[in-house]
Asker: 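Before I ask anything, let me first share the structure, which is written out below as structure tokens.
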Amino acid sequence: MTAESSIMMVSHGLYGTLWMLSCFGLFLSEDLQFSGPANGAVGGSVVFAPDNPPSTSINIVQWQFGSTLILIAQSDSTTIVPEYSDRVSFDINTLALELWNLRLNDSGIYRLTVVPSAGGQLTGETSLQVFEIITNVRLISPEESLIEGESSANISSEGTGSITSVQWMKDNSPLSPSNSIIFSSDNRSVSISPVQRSDSGEYQCTYRNPISSETATLSLIINYGPEEVSIKGEDVVDLGARVSLSCSANSKPAASFSWKINGTDTDVTTDTFIIDYTDFTHSGEYICTAWNSVTKRNATQKHALLVKGGGGGGGGLSSGAIAGIVIGVLVAVAGICGLTVYLIKTKKISKINLRQNGPARGAAQSRQEPDLNYADISHFQKASGERVNLGNKSEFSTEYADVKHGGKSRAPPPPYGSQVRK
Ligand SMILES: *[C@@H]1O[C@H](CO)[C@@H](O)[C@H](O)[C@H]1NC(C)=O
Ligand SMILES: *[C@@H]1O[C@H](CO)[C@@H](O)[C@H](O)[C@H]1NC(C)=O
Ligand SMILES: *[C@@H]1O[C@H](CO)[C@@H](O)[C@H](O)[C@H]1NC(C)=O
Ligand SMILES: *[C@@H]1O[C@H](CO)[C@@H](O)[C@H](O)[C@H]1NC(C)=O
Ligand SMILES: *[C@@H]1O[C@H](CO)[C@@H](O)[C@H](O)[C@H]1NC(C)=O
């Protein structure tokens, strides 16, 4: 296969067939081998160098692009054609051709022909594909709000550069076609119809070519609900209790809430309905309505509240009421006891005061209450004119008996005694 016939074939072929041709070239056992086709970026550079340059001395070297001559070199001189003179260099030792300031139409077959001094001809060819670097990739989101089960979403992509593939991911996993997810034939847009809440997420679209890639991302929000409205809170409470009913719903965006009682609107527009202090009129049916302003849907839930109390429901006393009564009784009993003790003390002391001397009274008051009675007795005894020794209890008991006896015999019982015993 001669260089000329090869060039003729290339000139007939389109870029799509370049690969085949270069394969043919290898199949026909080209003498000069190149390691694979090359890729270049517009404005960039590329070097074509044979893997097996001849070791013998060389007479003529020729580089061609398709049918166009780029350069002819001999051992002592290199001639570059004017079209390439400002963007080509050549190394006679390695036979490498460097081409810079690449343009898209530099894509094609490059052919090297070597004529050794010994005669004959060695040929080899390689191919170059020049790409524009991919830039400005972006995704265009649907303009309107997307509602689950109703809306369709078309996500389309844009970008500049030579695009050889477009790949889509959702939340870092490949996005696959399905009944509701359809890709355009060039993969540059995807249509989801109808959208489901599971379609919410981050979409990534990557434009690629062999020399560059760029990814754009887009967050898709699918609105839904409200649904699963529920009310948490008390259903039976005692009179006076605090009640807090809390309404929730599954909704995107978050639902807003309103409340009705017995079918009548209230002005409560929060998720929680609070009654600080219940009375019987607070019993009734509480209805929470959750409203999604994007889906324009609402959903409700009902909750029955019963306020009960002593006598009101006829169901007997509540534990609170019983506790109240018990406490009241205890307080009353304690009060009576206290009054009794007080009366006993004051009557005795006042009585004693009439009979005792100053110093003895002071000593009595400094004692503790139980002792006070004994002291009173001692004073009483003193008043009766008898001797008492309080340091000995058994002795005192005897004396006390005597006193009582003596009291009986010498003085009438104090008038207060019968009053207190009543
Ligand atoms: C290749 O493209 C450049 C512009 O990028 C143009 O000036 C040149 O004439 C083109 N060459 C051929 C052979 O078409
Ligand atoms: C989505 O794209 C398809 C064509 O691929 C078109 O028929 C449809 O109207 C588009 N839908 C929206 C919501 O833009
Ligand atoms: C579109 O993408 C799918 C998978 O992501 C791929 O199999 C297919 O070849 C692509 N089609 C085009 C025209 O890029
Ligand atoms: C709701 O209705 C019940 C029974 O008809 C009534 O007892 C209750 O007081 C009502 N509640 C309110 C808050 O109006
Ligand atoms: C709920 O929706 C119904 C119709 O679906 C409407 O009549 C009603 O007013 C709505 N309620 C609220 C609170 O938006």
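All figures in this text were calculated on a predicted structure; none of them were measured in a lab. Note that ligands are numbered from 1 as they come in the structure, with each ligand's atoms numbered from 1 the same way.
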Asker: Would you verify that at least one protein heavy atom lies under 4.0 Å from atom 11 (N) of ligand 4, or report that none does?
Answerer: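 Yes, because at least one protein heavy atom sits under 4.0 Å from atom 11 (N) of ligand 4.
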
Asker: Which protein non-hydrogen atom lies closest to atom 14 (O) of ligand 1, naming both residue and atom, and how far is it?
Answerer: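 The closest one turns out to be Asn105 ND2, 3.2 Å.
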
Asker: Quick check on the 6.0 Å ring-centre criterion: do Phe273 and Tyr286 meet it?
Answerer: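 Phe273 vs Tyr286: aromatic centres under 6.0 Å.
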
Asker: I'd like to know whether Glu227 forms a salt bridge (charged side-chain N to carboxylate O under 4.0 Å, His left out) with Arg197, so could you lay out the CA-CA distance, the side-chain angles of the two residues, the decisive distance to 0.1 Å, and finally the verdict.
Answerer: CA-CA 13 Å; Glu227 55 192 39; Arg197 71 190 69 179; 3.0 Å; yes

Asker: Considering the heavy atoms of Ser185, write down every atom of ligand 3 situated less than 4.0 Å from one of them.
Answerer: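 Answer, ordered by atom number: 13 (C).
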
Asker: Strictly inside 4.0 angstrom of atom 5 (O) of ligand 1, do you find any protein heavy atom?
Answerer: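 So far as the 4.0 Å threshold goes, atom 5 (O) of ligand 1 is in reach of a protein heavy atom.
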
Asker: Are there protein heavy-atom neighbours of atom 2 (O) of ligand 3 below 4.0 Å?
Answerer: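 It does; a protein heavy atom is within 4.0 Å.
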
Asker: Regarding Arg297 and Glu150, does a basic nitrogen lie under 4.0 Å from an acidic carboxylate oxygen?
Answerer: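 Answer for the salt bridge query: yes.
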
Asker: If you measure from atom 8 (C) of ligand 4 to every heavy atom of Gly263, Ser283, Gly284, which option wins on shortest distance?
Answerer: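 It is Ser283 whose heavy atom sits nearest to atom 8 (C) of ligand 4.
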
Asker: Quick check on contacts: which atoms of ligand 4 are under 4.0 angstrom from a heavy atom of Thr281?
Answerer: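 Heavy-atom distances to Thr281 below 4.0 Å select 8 (C), 9 (O), 11 (N), 12 (C), 13 (C).
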
Asker: At a 4.0 Å threshold, what atoms of ligand 4 neighbour a non-hydrogen atom of Ile261?
Answerer: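 Going through ligand 4 atom by atom, the ones under 4.0 Å from Ile261 are 12 (C), 13 (C).
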
Asker: Please lay out, stage by stage, how Arg87 and Ile80 fare under the test side chain to side chain contact (heavy atoms under 4.5 Å, CB included).
Answerer: CA-CA 10 Å; Arg87 59 192 195 100; Ile80 300 173; over 6 Å; no

Asker: With the threshold set at 4.0 Å, does a side-chain nitrogen-carboxylate oxygen contact exist between Glu83 and Arg103?
Answerer: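 Arg103 and Glu83: not salt-bridged.
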
Asker: So does Lys252 have more than 12 non-hydrogen atoms from other groups sitting under 6.0 Å from NZ?
Answerer: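 No, not enclosed.
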
Asker: As an exercise, identify every atom of ligand 4 less than 4.0 angstrom from a heavy atom of Asn262.
Answerer: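 By the 4.0 Å cutoff, the relevant atoms are 1 (C), 2 (O), 3 (C), 8 (C), 10 (C), 11 (N), 12 (C), 14 (O).
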
Asker: In Å and rounded to the nearest 0.5 Å, what is the CZ to OH distance from Arg188 to Tyr207?
Answerer: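 Going from CZ on Arg188 over to OH on Tyr207, the span is 5.0 Å.
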
Asker: At what distance is the nearest protein heavy atom to atom 9 (O) of ligand 3, and which residue and atom is it?
Answerer: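 So the nearest neighbour among protein heavy atoms is Asn187 ND2, 4.7 Å.
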
